[in-house]
2 protein chains.
Amino acid sequence: MKFSKKSEYGLRALLELCETYGGRVLQRHEIAERQNIPVEFLEQILLALKRAGLLASRRGVRGGYSLIKSPEEITLGQVIRILDGPLAPISCVSKTAYQKCADCPYAAKPSCPLQQAMGEVRDAIANILDHYTLSRFAHSK
Amino acid sequence: MKFSKKSEYGLRALLELCETYGGRVLQRHEIAERQNIPVEFLEQILLALKRAGLLASRRGVRGGYSLIKSPEEITLGQVIRILDGPLAPISCVSKTAYQKCADCPYAAKPSCPLQQAMGEVRDAIANILDHYTLSRFAHSK
DNA sequence: ATTTTGTCTAGTGAGTTGCTCAAGTTTTTG
DNA sequence: CAAAAACTTGAGCAACTCACTAGACAAAAT
């Protein structure tokens, strides 16, 4: 029941990018050094965030990455879903990636005790993470 | 961010055991068949729950497993922690298995933004699962 | 043109997950 | 007492995931 390093690194990288939001771009090695993240691994993370539309990048000599949305518009939930997949603790209660469980005898949706309990957990997690913006995140430092 | 099959199977097995609580014992193959769980795998799970003090077992011809505590005393949180480890989404916010993060630059505890956010998530999860008893679980069927 | 950056794809070692197998040990019952 | 029925223990294994590495390539600036 853990988040991956990917999410953790991703959030820490975004923290750096929040600080220069509106100003200059940050290069991968700058972020990597400040946040103590292996630079090639960080790159994959930044690319994923870019493909998801959170970051812009410029190649070449004065290149680097920058936030493309304002920190108020980005939630921790978005970031974690991009890097780690759905928040739901079992896939039959996921709202973003629902899959019915093959082997469960309580196949019918409304009567599964597991779904009831796990649904509550899912909602609680999503409620926090989907309302926690990067700006609030960065300021809680 | 998922729970393992182990937890899922474990909870479903306990559901069966709740129904015969106070009455007869259930054999592994009975539970396995009703809940559609590979029997040898289920066994490992039942053993873990037994070692943790939730189940009793009897060997031999009329043997089987039974709940040793009442369904009101067992919470989903307990079960999941036994089978899946700590609930916390990152280990630096775990109350049952705290470990400080080695590489995080915000090493000092009160000022880490990640800890703040993840701590809230941990509390929300624990709040639900540590108050969700097996009896409530079984009755929500 | 060369250097400096990001982009993309693939690979890899360690660990985990989900499950199986085989050889026990204990208890009941015929 | 013997045999069958159950749980017990421990090892093993294929597939997958995680965290990370490597290398070839593309674009931008000087």
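These numbers were taken from a predicted model, which means no experiment stands behind them. Letters A, B, ... are given to chains in the order of the sequence lines, protein chains preceding strands, and every chain is numbered from 1.
Note: CG (Leu49(B)) to P (dC7(D)) measures 14 Å, nearest angstrom. As a whole-Å value, the separation of Arg62(A) CZ from dT5(C) C1' is 11 Å. Atom CG of Leu46(A) is separated from atom P of dC8(C) by 13 Å (rounded to the nearest Å). Residue Ile45(B) contributes atom CD1, which lies 16 Å from atom C1' of dC7(D) at whole-angstrom precision. One interatomic measurement links the two molecules: CG of Leu55(A) to C1' of dT7(C), which rounds to 14 Å at whole-angstrom precision. Between Phe41(B) atom CZ and dT16(C) atom C1' the separation is 11 Å, expressed in whole Å. For Asn36(B) and dC19(C), the CG to C1' distance is 15 Å, given to the nearest whole Å. Here the C1' atom of nucleotide dG18(C) and the CD1 atom of Ile90(A) are 17 Å apart, to the nearest Å.
By the 4.0 Å N-to-carboxylate-O rule, Glu120(B) lies close enough to Arg136(A) to be salt-bridged with it. Ion pair Arg12(A)/Glu19(A) not flagged as a salt bridge, since none of the NZ, NE, NH1 or NH2 atoms sits closer than 4.0 Å to an Asp/Glu carboxylate oxygen. The pair Lys2(B)-Glu8(B) does not count as a salt bridge, with every side-chain nitrogen at least 4.0 angstrom from each carboxylate oxygen.
Position along DNA chain D of the nearest nucleotide to Asp103(B) versus Val61(B) favours Val61(B) as the more 5'-ward residue. For the pair Gly63(B) and Asp84(B), both in contact range of DNA chain C, the more 5′-proximal nearest nucleotide belongs to Asp84(B).
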Contact list (N/O, under 3.5 angstrom) for nucleotides 8-10 of chain D vs protein:
residue : atom : partner  : partner atom : Å
dT8(D)  : OP1  : Lys50(B) : NZ           : 2.6
dT8(D)  : OP1  : Ser57(B) : OG           : 2.8
dT8(D)  : OP2  : Tyr65(B) : OH           : 2.9

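Contact annotation: the side chain of Lys95(B) approaches that of Asp123(B) to within less than 4.5 Å [non-hydrogen atoms, C-beta and beyond]. Side chains of Lys6(B) and Phe41(B) form a contact here, defined as non-hydrogen atoms less than 4.5 Å apart.
Nearest heavy-atom pair, Asp130(A) versus Gln78(A), reported as atom, atom and distance to 0.1 Å: OD1-N, 4.2 Å.
The nucleotide whose nearest atom lies closest to any side-chain atom of Ser4(B) is, among dG18(C), dA6(D), dC19(C), dG18(C).
At least one side-chain nitrogen or oxygen of Tyr9(A) sits closer than 4.0 Å to the OP1 or OP2 atom of dC20(D).
A side-chain N or O of Gln35(A) and one of Tyr106(B) form a donor-acceptor pair less than 3.5 Å apart.
Among the heavy atoms of the strands lying under 4.0 Å from Glu40(A) is at least one base atom, whether or not backbone atoms are also near.
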